[in-house]
Amino acid sequence: MIQFLERIAAKSASLALLCALAAALCAACGSSGDGEGGDAGSTLADVPDATPLTGTWPSFGVATTWQWQLQGTLNTSYDVDVYDVDLFDTPATTVAAIQGAGRRVLCYFSAGSSEDWRPDFPDFVAADIGKPLDDWEGERWVDIRSPRIRAIMQKRLDLARTKGCDGVEPDNVTAWDAKSGFDITPLDQIDFNRWLADEAHSRGLAIALKNDGAQVPWLVDWFDLSVNEECHFYEECDELEPFTAAGKAILNAEYVSSEQKAKSLATTLCPKAKSAATRTLILPLDLDDSFRVTCD
């Protein structure tokens, strides 16, 4: 996950970069010729024209309600539309049981990092592993440009299909805006994220865009919903508005350290969440269901 300290440090740079790239895009639109930028990979004016894969997979409307739990004994008693659960730790029988209760299941995995506790960790090679993620021991960024990394992600998507997941929530798809140890450009990230979406859709799986608000204009057509962390706290919810404009859900989590703080925050946060049409939960950072306050 993009963690607290890292995102504070990155936010100013991210916003400045987006403004510069947007200006380059506008300049390119007004020029003659094919609209390509000068230095390939340096500006979003260079984003290639592309069309998302078409087909049939689940959709998630703006009113979608949800529960997000990645650790601890899974509590399946909430009356929500969607459960977001760990791909590796959740058995197919549990996925089926949730669906049997009339709910959908998103399966979480990291698409941009290696985690040394995962069963497929031996598939990663040292050359593709970069710097650690802040505050997450055993987790490191990976080189999303590597064919080996893409092959691992294809296997994870296959696992999601085998387990019967309705969709996936690939995490850590923001290496372009992080200290990953690799020279990942904004174009590299857009290419990877679009590739992930097409790969998911080719398997009949829906896919959520995790964070990456600055690149939403170039990704919203590929993704079926947004799963976001703390867009209200960081005042970034406006970046996600293209999802609601397209009739797609924004599932947002805000983090606090206790249920008491969650209930206190809800009094001021929930009116804002409803106004912004985000489906906001106030949760512990560990996502272990130790408490849950919803704005729905």
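In this structure, the side chain of D286 does not engage the main chain of D288 through any donor-acceptor pair within 3.5 Å. Side-chain atoms of S110 come within 3.5 Å of backbone N or O of S113 as a donor-acceptor pair. A donor-acceptor pair under 3.5 Å is absent between the side-chain atoms of K179 and the main chain of P132, judged by distance alone. Listed for the T94 side chain is no donor-acceptor partner under 3.5 Å among the backbone atoms of T90. For the pair E115 (side chain) and E139 (backbone), a donor-acceptor distance under 3.5 Å is absent. Not one N or O on the side chain of Q189 forms a donor-acceptor pair closer than 3.5 Å with the backbone of D177.
Atom CD of Q71 and atom CD of Q69 lie 9.0 Å apart (nearest 0.5 Å). Note that the OG1 atom of T76 and the CG atom of D289 stand 10.0 Å from one another [nearest 0.5 Å]. In this structure, OG in S290 is found 11.5 Å from CG in N75, a value given to the nearest 0.5 Å. Residue C237 holds its SG atom at 3.5 Å from NE2 of H232, rounded to the nearest 0.5 Å. Note that CG of L240 is 4.5 Å distant from OG of S226, once rounded to the nearest 0.5 Å. Note that CG of D143 and CZ of F124 are 12.0 Å apart. Values are rounded to the nearest 0.5 Å.
I144 approaches A111 most closely through the heavy-atom pair CG2-O, 4.4 Å. For C231 against N252, the heavy-atom pair with the smallest separation is N-OD1, 3.2 Å. The two residues K210 and P170 come nearest to each other via the heavy atoms CB-O, 3.3 Å. Closest of all the heavy-atom pairs between R203 and D158 is NE-OD1, 2.7 Å. In terms of heavy atoms, E241 sits closest to T244 at O-OG1, 2.9 Å. Across all their heavy atoms, P271 and T267 have their closest contact at CD-O, 3.6 Å.
Residues E229 and Y255 have side chains that bring a donor and an acceptor to within less than 3.5 angstrom of each other. Side chain to side chain, Y234 and N228 fail the donor-acceptor criterion of an N or O pair below 3.5 Å. With hydrogens and angles left out, the side-chain atoms of D81 and T65 include a donor and acceptor closer than 3.5 Å. For W141 and N172, the side-chain atoms include no donor-acceptor pair closer than 3.5 Å.
A cation-pi arrangement, defined by a distance under 6.0 Å to the six-membered ring centre and an angle within 45 degrees of its axis, is present between R194 and W222. With F192 as the aromatic partner, R150 does not meet the cation-pi criteria of under 6.0 angstrom to the ring centre and within 45 degrees of the ring axis.
Contacts of S264 classified as side-chain hydrogen bond (donor to acceptor under 3.5 Å, both in side chains), with partners at least two apart in sequence or in another chain: none. Under the side-chain hydrogen bond (donor to acceptor under 3.5 Å, both in side chains) criterion, D128 pairs with S146, R148, sequence neighbours left out.
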Practice problem: Determine, step by step, whether R103 and Y78 satisfy the side-chain contact (heavy atoms from CB on, under 4.5 Å) criterion, reporting the C-alpha distance in whole Å, the side-chain angles of both residues, the deciding distance to 0.1 Å, and the verdict. | Solution: CA-CA 10 Å; R103 300 170 183 131; Y78 295 110; over 6 Å; no
Exercise. For R156 and F88, run side-chain contact (heavy atoms from CB on, under 4.5 Å): C-alpha distance rounded to whole Å, both residues' side-chain angles, the deciding distance at 0.1 Å, then the answer.
Key: CA-CA 9 Å; R156 291 184 173 187; F88 290 99; 3.5 Å; yes
Quiz item: So W66 and V227, side-chain contact (heavy atoms from CB on, under 4.5 Å) or not? Walk me through it.
Solution: CA-CA 10 Å; W66 73 310; V227 172; 4.3 Å; yes
Exercise. Given side chain to side chain donor-acceptor pair (under 3.5 Å), test E199 with Q154 step by step and report yes or no.
Key: CA-CA 7 Å; E199 288 291 316; Q154 286 173 320; 3.3 Å; yes
Quiz item: Can I250 and L225 be said to form a side-chain contact (heavy atoms from CB on, under 4.5 Å), step by step?
Solution: CA-CA 6 Å; I250 300 172; L225 71 161; over 6 Å; no
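A salt bridge (charged side-chain N to carboxylate O under 4.0 Å, His left out) check over residues 244-270, counting only residues at least two apart or in different chains, returns the pairs E259-K263.
Linking Ile, Leu, Val, Met, Phe, Trp and Tyr whenever their side-chain heavy atoms come within less than 4.5 Å puts L287 and Y108 in one cluster. Put simply, L205 and V85 are part of two different groups of oily side chains (I, L, V, M, F, W, Y) that touch within less than 4.5 Å, one to the next. L70 and F291 are members of different hydrophobic clusters when ILVMFWY side chains are connected at heavy-atom separations under 4.5 Å. F60 and L53 fall into different hydrophobic clusters, where Ile, Leu, Val, Met, Phe, Trp and Tyr side chains are chained together by heavy-atom contacts under 4.5 Å. Under a hydrophobic-cluster definition in which Ile, Leu, Val, Met, Phe, Trp and Tyr are linked whenever side-chain heavy atoms come within less than 4.5 Å, directly or via other members, L283 and L74 are assigned to different clusters.
A salt bridge does not link D120 to K155: none of the charged side-chain nitrogens sits closer than 4.0 Å to a carboxylate oxygen.
Put simply, the side chain of F243 reaches to within 4.5 Å of the side chain of L209, judged on heavy atoms. Here the side chains of V95 and Y83 are not in contact, with every heavy-atom distance at 4.5 Å or above. Contact check for H201 versus P52: no side-chain heavy atoms found under the 4.5 Å cut-off. Between L219 and I190, some side-chain heavy-atom pair lies under the 4.5 Å cut-off. Between L106 and V168 the shortest side-chain heavy-atom distance does not fall below 4.5 Å. Proximity of R279 to D296: side-chain heavy atoms (C-beta onward) are separated by under 4.5 Å at one or more points. In this structure the side chain of M153 reaches within 4.5 angstrom of the side chain of F109, judged on heavy atoms. The shortest distance between side-chain heavy atoms of L281 and Q67 falls below 4.5 Å.
Screening D212, D188, T185 against W176 for a side-chain hydrogen bond (donor to acceptor under 3.5 Å, both in side chains) leaves a single residue, D212.
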